[in-house]
Amino acid sequence: MRELLPLPGGRVLLDTSGPRGVRLHDTGEGLDHTFAEITEPAGDCRFTDCAHTSEPGCAVLSAVADGHLTQRRPDSQDRLRRETAYAASRTDARLRAELVRPLKEISRQVRAHKQSPRFKA
């Protein structure tokens with residue numbers, strides 16, 4: 001049995017029996033609202049493009065070290081951002097090319113290394 005449930009903000013939820021999985025679609029600002037406890041200190045990071053992994057002056061890492069935030073929350077946010085990027089890349093060729101570019105560069109480097117005279121199999 002299927003049921004369409006209206007949600008606040010003009011959104012709807014389709015309830016179906018036995019779904020096997022859920023995919024993210026166009027999360028937009030939803031991640032920032034969901035992870036507000038990360039978004040607030042992130043504004044105090046030294047670098048505007050801080051990934052909150054190992055950068056010096058990262059306010060999020062400082063909040064984790066101080067115990068104001070558990071490491072699980074930034075990890076979850078990062079995982080959802082990657083999943084959202086992957087979902088977007090499935091329909092956007094430019095995004096897909098950006099995700100594949102680092103892998104292609106690694107392959108080029110491995111081939112160049114194997115073709116060098118110093119390489120021994």
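Fair warning: this is a prediction, and the values are worked out from it, not measured in the lab. In what follows, residues are counted from 1 in the order of the sequence shown.
- Annotation: the span from E55 atom CD to T53 atom OG1 amounts to 4.0 Å, rounded to 0.5 Å.
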Legend entry - Chi angles and distances behind the side-chain contact (heavy atoms from CB on, under 4.5 Å) call for V64, T70: CA-CA 6 Å; V64 170; T70 64; over 6 Å; no

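- Atom OG of residue S89 and atom CZ of residue R94 lie 11.0 Å apart, to the nearest 0.5 angstrom.
- With sequence neighbours left out, the salt bridge (Lys or Arg N to Asp or Glu O under 4.0 Å) criterion links E40 to no other residue.
- Contact check for C58 versus R46: no side-chain heavy atoms found under the 4.5 Å cut-off.
- Distance CZ/R96 to OG1/T91: 8.0 Å, rounded to 0.5 Å.
- Contact annotation: the side chain of L4 never approaches that of L13 to less than 4.5 Å [non-hydrogen atoms, C-beta and beyond].
- The salt bridge (Lys or Arg N to Asp or Glu O under 4.0 Å) search around R2 returns none, not counting sequence neighbours.
- Using a 4.5 Å heavy-atom threshold, the side chains of L95 and Y86 count as separate.
- When all heavy atoms are compared, the tightest approach of C45 to A59 is SG-N, 3.3 Å.
- Each of L5 and V12 belongs to its own hydrophobic cluster when Ile, Leu, Val, Met, Phe, Trp and Tyr are linked at side-chain heavy-atom distances under 4.5 angstrom.
- Using a 4.5 Å cut-off on side-chain heavy atoms (C-beta onward), R111 and K114 make no contact.
- Residue D75 forms a side-chain hydrogen bond (donor to acceptor under 3.5 Å, both in side chains) with just one option from R73, R79, Q71, and that option is Q71.
- Here E105 pairs with R108 in a salt bridge; the nearest charged N to carboxylate O distance falls below 4.0 Å.
- Although no hydrogens or angles enter the test, the distance criterion places no donor-acceptor pair under 3.5 Å between the side chain of D66 and the main chain of H68.
- Taking every heavy atom of both residues into account, H52 and A42 meet most closely at CE1-CB, 3.6 Å.
- R81 and D32 are joined by a salt bridge, as a carboxylate oxygen and a charged side-chain nitrogen come within less than 4.0 angstrom of each other.
- The structure places CD of E37 at 8.5 Å from CD of Q77, a figure rounded to the nearest 0.5 Å.
- I38 and L61 are assigned to two separate hydrophobic clusters, defined by single-linkage of ILVMFWY side chains at heavy-atom distances under 4.5 Å.
- Here the side chains of L80 and D78 are not in contact, with every heavy-atom distance at 4.5 Å or above.
- Judged as a ring pair (Phe, Tyr, Trp, His ring centres under 6.0 Å), and not counting sequence neighbours, the contacts of H113 are F119.
- No side-chain heavy atom of P74 sits under 4.5 Å from any side-chain heavy atom of F35.
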